[in-house]
A.B. asks: 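Sending over a structure as structure tokens; questions will come in a sec.
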Amino acid sequence: MTLAPASSADHPPAATVAVIVVAAGSGTRLGRPEPKAFVPLLDRTLLEWALDGVFALPEPAQVVLVVPADQADTTRTLADRTAGAAAGYVTVVAGGATRQESVAAGLAVLGGDVETVLVHDAARCLTPPAQLARVLEETRDSGAGVIPGLPVSDTIKRRDASGEVRATVDRSELVAVQTPQGFPRAGLAAAYAQAAADGIEYTDDAALFAAAGGSVRVVDGDARAFKITTPWDLHRAEQLVGPVPAAPAAPRTGVGVDVHAFDPAEPLWLAGLHWPGEVGLSGHSDGDAVAHAICDALLSAAGLGDIGGLFGTADPALEGAHGDVFLRRTAELLRTRGFAIGNVAVQVLSNRPKVGPRRAEAEAVLSGALGAPVSVAATTTDGLGFPGEGRGLTAIATALVLPAGAPVPPK
Ligand code: CTP
Ligand code: MG
């Protein structure tokens with residue numbers, strides 16, 4: 001079953017490379033209620049971490065996300081958030097009962113121009129972008145199947161059913177295999193058709209490709225491309241991406257200020273709302289100074305820096321992003337660091353728009369995004385300064401955050 005594209009683009013632009021990200025497994029060994037790819041690692045799902053590497057490829061690629069059918073809507077939302085300008089290249093498709101069926105579902109929706117395919121496990125979510133680029137380059141250069149592998153460092157023994165050691169295996173011949181695995185598209189599609197006809201399940205795509213007569217080469221893997229399988233693996237990933245600090249001991253306050261210039265060419269987005277007929281604000285995202293000031297107040301209260309440090313000021317994934325994206329991600333980050341949000345107060349300094357008539361609506365949207373009460377006020381500045389002259393708008397926010405017990409991860 002093909003689901004609608006993840007973005008508003010009806011036809012993804014042509015790409016000669018595709019990355020099939022398999023994320024349809026349930027993660028039985030991880031033992032969490034949500035499917036493994038949707039389990040959070042700090043403030044984002046494993047799938048989002050995996051997509052960071054995919055979207056860092058140096059050329060446009062069709063990105064096929066193979067997910068559980070009931071996660072399609074969530075996937076569209078997070079793909080749009082992570083992909084930014086590349087969202088038009090994302091296709092979301094429902095997976096199958098086995099990994100092999102999930103890859104087959106991804107292969108079925110490849111664009112007509114795709115010549116090279118990388119198949120990647122979402123569960124290897126910290127795979128460095130250089131590994132994807134290395135596999136892609138070698139696949140193109142060699143025309144063969146290409147797999148990343150690591151030398152085996154443990155001594156390997158062969159034993160019989162009774163536990164008696166029969167031999168020490170020469171480990172210099174062995175590699176531990178990771179993803180992405182790269183293949184010429186036509187060869188992989190033919191190999192998958194043959195596997196389906198034969199009714200054989202293979203342990204990885206390279207084995208399936210080799211069974212159909214394809215040759216496979218190994219390139220260097222990377223320890224960071226390990227697969228998150230058990231709770232221990234998730235804990236290790238948490239250690240790698242950032243330390244989890246001790247829970248805060250007392251309530252803390254924070255302050256945030258944001259200023260944007262008016263830009264008549266932009267629609268106005270403010271306090272999470274669209275304001276039809278009003279002059280918009282300039283900015284890399286949608287310029288929602290209220291949302292940004294609130295994020296800064298929350299981050300300041302939690303001692304987690306500021307919005308520029310957390311999201312970057314030029315992240316292509318956040319081009320045009322609306323305020324609720326920043327608010328939800330900030331609230332989630334605070335939650336994972338052991339904070340609950342007490343309340344937020346924000347004041348707008350500007351002649352326009354008139355906030356009063358839509359105050360309740362704005363408060364509802366902002367409170368919904370944070371899961372905590374937000375109050376919104378506004379004032380003019382008596383004609384003084386740039387807000388009074390109508391050149392721009394200032395938002396000032398304060399936040400109170402509270403200890404919420406132990407930080408959420410590690411589980
Ligand atoms: N996968 C998939 N479709 C399946 C099974 C697995 O897309 N029917 C994906 C997983 O989402 C994962 C990758 O294949 O990204 C590797 O599989 P694995 O680590 O075994 O994940 P799970 O099958 O989800 O975990 P478990 O075996 O513990 O249930
Ligand atoms: Mg599995």
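In this text the structure is predicted, and so the values were computed from the model without any measurement. Note that ligands are numbered from 1 as they come in the structure, with each ligand's atoms numbered from 1 the same way.
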A.B. asks: Could you find the nearest protein heavy atom to atom 27 (O) of ligand 1 and give me its residue, atom name and distance?
C.D. replies: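 Going atom by atom, the protein heavy atom closest to atom 27 (O) of ligand 1 ends up being R29 NH2, 2.8 Å.
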A.B. asks: With a 4.0 Å heavy-atom cut-off (strictly under), which part of K36 contacts ligand 1: side chain, backbone, both or neither?
C.D. replies: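 Under 4.0 Å from ligand 1, K36 contributes side-chain atoms alone.
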A.B. asks: Start with the C-alpha gap between H120 and T179, add the side-chain angles, then the distance that decides, and say whether side chain to side chain donor-acceptor pair (under 3.5 Å) holds.
C.D. replies: CA-CA 5 Å; H120 190 37; T179 70; 2.8 Å; yes
A.B. asks: Starting from atom 12 (C) of ligand 1, locate the nearest protein heavy atom and write down its residue, its atom name and how far away it is, to 0.1 Å.
C.D. replies: V22 O, 3.7 Å
A.B. asks: Please list the nearest protein heavy atom to atom 13 (C) of ligand 1 with its residue and the distance rounded to 0.1 Å.
C.D. replies: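 Scanning the protein heavy atoms, the shortest distance from atom 13 (C) of ligand 1 goes to D121 OD1, 3.4 Å.
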A.B. asks: Specify side chain, backbone, both or neither for P35, according to which of its non-hydrogen atoms lie closer than 4.0 Å to ligand 1.
C.D. replies: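 Neither; nothing of P35 gets under 4.0 Å from ligand 1.
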A.B. asks: CZ of R217: more than 12 outside heavy atoms within 6.0 angstrom?
C.D. replies: no
A.B. asks: Does any N/O atom on V66 come nearer than 3.5 Å to any N/O atom on ligand 1?
C.D. replies: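 No, no N or O pair falls under 3.5 Å.
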A.B. asks: Determine, for R81 against E48, whether the closest basic-nitrogen to carboxylate-oxygen distance falls under 4.0 angstrom.
C.D. replies: yes
A.B. asks: Is it true that R159 and E164 have a side-chain N and a carboxylate O under 4.0 angstrom from each other?
C.D. replies: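 Not counted as a salt bridge, because no side-chain N and carboxylate O are separated by less than 4.0 Å.
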A.B. asks: Could E59 and R140 be called an ion pair, given the rule that one side-chain N must be under 4.0 Å from one carboxylate O?
C.D. replies: yes
A.B. asks: With no hydrogens and no angle check, just 3.5 Å: does a side-chain donor-acceptor pair link E201 and T98?
C.D. replies: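 The criterion, which ignores hydrogens and geometry beyond distance, is satisfied for T98 and E201.
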A.B. asks: Looking at ligand 1, would A37 count as a contact under a 4.0 Å heavy-atom criterion?
C.D. replies: no
A.B. asks: Check ligand 1 against A97 and write out every atom of the ligand that is under 4.0 Å from a heavy-atom position of the residue.
C.D. replies: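 That gives atoms 8 (N) of ligand 1.
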A.B. asks: List the closest protein heavy-atom neighbour of atom 7 (O) of ligand 1: residue, atom name, distance to the nearest 0.1 Å.
C.D. replies: A24 N, 2.9 Å
A.B. asks: Of all the non-hydrogen atoms in the protein, which one sits nearest to atom 22 (P) of ligand 1, and at what distance?
C.D. replies: G27 N, 3.7 Å
A.B. asks: Please determine whether any non-hydrogen atom of G96 lies less than 4.0 Å from an atom of ligand 1.
C.D. replies: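 A heavy atom of G96 does come that close to ligand 1.
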A.B. asks: Have a look at ligand 1 and work out which part of K227, if any, has a heavy atom under 4.0 Å from it: side chain, backbone, both or neither.
C.D. replies: side chain
A.B. asks: Give me the nearest non-hydrogen protein atom to atom 3 (N) of ligand 1 as residue plus atom name, then the distance to 0.1 Å.
C.D. replies: S102 OG, 2.7 Å
A.B. asks: So that I can tick it off, tell me whether R329 and E332 are bridged by a salt bridge, with the cut-off set at under 4.0 angstrom between side-chain N and carboxylate O.
C.D. replies: no
A.B. asks: Could you label the plane-to-plane angle of the F183 and F209 rings as parallel, tilted or perpendicular, counting under 30° as parallel and over 60° as perpendicular?
C.D. replies: tilted
A.B. asks: Among all protein non-hydrogen atoms, which one is nearest to atom 26 (P) of ligand 1, and what is the separation to 0.1 Å?
C.D. replies: T28 OG1, 3.3 Å
A.B. asks: Hey, is ligand 1 close enough to L30 that some N/O pair sits below 3.5 Å?
C.D. replies: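 Looking only at distances, the answer is no, because the N/O contact criterion of under 3.5 Å is not met.
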A.B. asks: Among all protein heavy atoms, pick out the one at the shortest distance from atom 1 (N) of ligand 1; state its residue, atom name and that distance to 0.1 Å.
C.D. replies: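 Looking only at protein heavy atoms, the one closest to atom 1 (N) of ligand 1 is G25 N, 3.5 Å.
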A.B. asks: Quick one: do D205 and R99 make a salt bridge, cutoff under 4.0 Å?
C.D. replies: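 Counted as a salt bridge, because a side-chain N and a carboxylate O are separated by less than 4.0 Å.
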A.B. asks: Check T98 against ligand 1 and report side chain, backbone, both or neither, counting heavy atoms closer than 4.0 Å.
C.D. replies: backbone
A.B. asks: Please test L208 against V103 for side chain to side chain contact (heavy atoms under 4.5 Å, CB included), starting from the C-alpha separation and ending with a verdict.
C.D. replies: CA-CA 12 Å; L208 180 151; V103 176; over 6 Å; no
A.B. asks: Honestly, is R124 close enough over F226, meaning NZ or CZ under 6.0 Å from the six-membered ring centre and within 45° of the axis?
C.D. replies: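 That pair does not qualify as a cation-pi contact.
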